[in-house]
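So the structure is just underneath, and the comments pick up after that.
Just so you know, these numbers use all the heavy atoms, side chains as well, and skip hydrogens, waters and symmetry mates. Labels below follow one simple rule: chain letters A, B, ... track the order of the sequence lines, proteins then strands, and each chain is numbered from 1. Keep in mind that what you see is a predicted model, and the values were worked out from it rather than measured.
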Amino acid sequence: MYRLRHQEQIALIIGISSVILLILEVLFFSNSPVKMFFLGSTTIGASLIIMYVFIIQPMKEQIRPSPYNQDYTIRFPSFRPTIIPPPAKVKKTTTRGSCEHCGKKELMGFTCSYCDGYFCTEHRLPEKHACIGLRRQ
Amino acid sequence: MFSFTSTEKRELFIGTSIFVLVELSLYISPFQLFTDFLSDFTFFLDEFFVIVVLCILSIPLFLFHELSHKFTAQGYGLTSGFRLDPNFALFSLFSIFLPIKIIAPGVVVSSGEYRLDTSGRISMAGPLVNILIGGVFLVFSSFMPLDWAMVVFLLVSKFSFDLALFNMLPFYVLDGTKILRWHQTTFILIFSLSLVLWLFHPLGLLGGL
């Protein structure tokens, strides 16, 4: 079962007290603008407190899973994420060779960006040469 | 954060219109209006003016209810939007002519990973906003110098408490179910708050006006 935070428990008590207060106001005041004013202001007060404590405060305090968020490291001082940048992709450029799929010699062939293989015009697309890199992704 | 798709805007407009019509049918009978139109046209014009004012003031009740769900969900990092449920929208529209009213033309759908308490908090936002707006209109009504204006403000606040209580009922996909699933005491607090306000509102069952 969910355990309420300390502020939420206090807000709960304030809320219950305001319900009792509302009933008392109804009993003590006759139907007049004064009664409406008191009923309205008690309602506004209670709803604002409950709204702030139950909705807005947890929203502000919620732990964001992104390691780029500074709050995350403040909350967990032991957690220091080291961001390793991805290795820069060096594109292999080949201008001559034979197609890795059909073996045909190709002077101005194509290098597949997924598997880095060298292919002829006909088999240059990943689907045409059953690309391993595409399958992996 | 405050972005809406064109479909969402259209569906919000339809949903709000259905809500206003259903709420008006609670207090003003369409048959009575027609009779007034035939018998006393001057009285009908006065009545019509009050209805237009009521309609305009009732728009934020439903709109803010749904938007509060949407923005709370977005505040918790979820993707959220209002979607009209065609079956329930038609059922709500049909309830204008029935003694029992249904106000559920659509629902705010949220996607993403969230816990049970987040779902409860998102569901709490709507009824709480309605309670807040109802309270504001109740305070306004105490300052109204004109009788008809006071009644209009009281009616709007009653509409607001109606919507809050209806949504707090623990049935089907209503907000009450999700809050009850999360935390019983919180559900009892908000339910009792809306029930007391609904019952003891000056135009309520035990209001005595």
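- For Leu197(B), the part lying under 4.5 angstrom from a heavy atom of chain A is the side chain only.
- For chain A, no part of Phe153(B) is nearby; none of its heavy atoms comes within less than 4.5 Å.
- Shown here is Phe38(A), whose CZ atom has no more than 12 heavy atoms of other residues, nucleotides or ligands within 6.0 Å.
- Open room surrounds CZ on Phe64(B); 12 or fewer heavy atoms of other groups in view lie less than 6.0 Å from it.
- Distance check: Ile23(A) CD1 to Leu199(B) CG gives 9.5 Å after rounding to the nearest 0.5 Å.
- When heavy atoms are compared at a cutoff of 4.5 Å, Glu25(A) does not approach chain B at all.
- No more than 12 heavy atoms of other residues, nucleotides or ligands sit less than 6.0 Å from atom NZ of Lys128(A).
- Smallest separation of non-hydrogen atoms from Leu138(B) and Gly40(A): CD2-N, 3.7 Å.
- The greatest number of non-hydrogen atom pairs below 4.5 Å with chain B, out of Thr42(A), Leu48(A), Val34(A), Leu4(A), is found for Leu4(A).
- Of all heavy-atom pairs between Ser47(A) and Ile131(B), the closest is CB-CG2, 4.0 Å.
- For Pro202(B) against Leu39(A), the heavy-atom pair with the smallest separation is CD-CD1, 4.4 Å.
- Rounding to the nearest 0.5 angstrom, the gap separating the CD1 atom in Ile190(B) from the CG atom in Leu12(A) is 9.0 Å.
- The shortest distance between side-chain heavy atoms of Leu193(B) and Leu22(A) falls below 4.5 Å.
- Contacts from residues 122-129 of chain B to chain A, taken as heavy-atom pairs separated by less than 4.5 Å, involve Met124(B), Ala125(B), Leu128(B), Val129(B) in sequence order.
- Nearest heavy-atom pair across Ser142(B) and Pro33(A) is CB-O, 3.1 Å.
- The 12-atom threshold is exceeded at CZ of Phe187(B), counting heavy atoms of other residues, nucleotides or ligands nearer than 6.0 Å.
- Expressed to the nearest 0.5 Å, how far CE of Met59(A) lies from CZ of Phe71(B) amounts to 11.0 Å.
- In this view, Glu8(B) and Lys70(B) satisfy the salt bridge (Lys or Arg N to Asp or Glu O under 4.0 Å) rule, not counting sequence neighbours.
- The part of Val196(B) that comes within reach of chain A is its side chain, from C-beta onward, which places non-hydrogen atoms under 4.5 angstrom from that chain.
- Between Ile44(A) and Leu132(B), the closest side-chain pair of non-hydrogen atoms falls below 4.5 Å.
- Here the closest heavy-atom approach between residue Gly15(A) and residue Leu189(B) is recorded as C-CD1, 3.2 Å.
- No part of Phe137(B) comes within reach of chain A, as not one of its non-hydrogen atoms sits under 4.5 angstrom from that chain.
- Contact annotation for Thr118(B): neither backbone nor side-chain heavy atoms come within less than 4.5 Å of a heavy atom of chain A.
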Original post:
Please walk me through it: do Met150(B) and Met36(A) pass side-chain contact (heavy atoms from CB on, under 4.5 Å)?
Top reply: CA-CA 11 Å; Met150(B) 194 183 83; Met36(A) 291 170 206; 4.1 Å; yes

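- Between the OG1 atom in Thr185(B) and the CD atom in Gln9(A) there is a gap of 9.5 Å [rounded to 0.5 Å].
- At least one donor-acceptor pair closer than 3.5 Å links the side chain of Tyr76(B) to the backbone N or O of Ile55(A).
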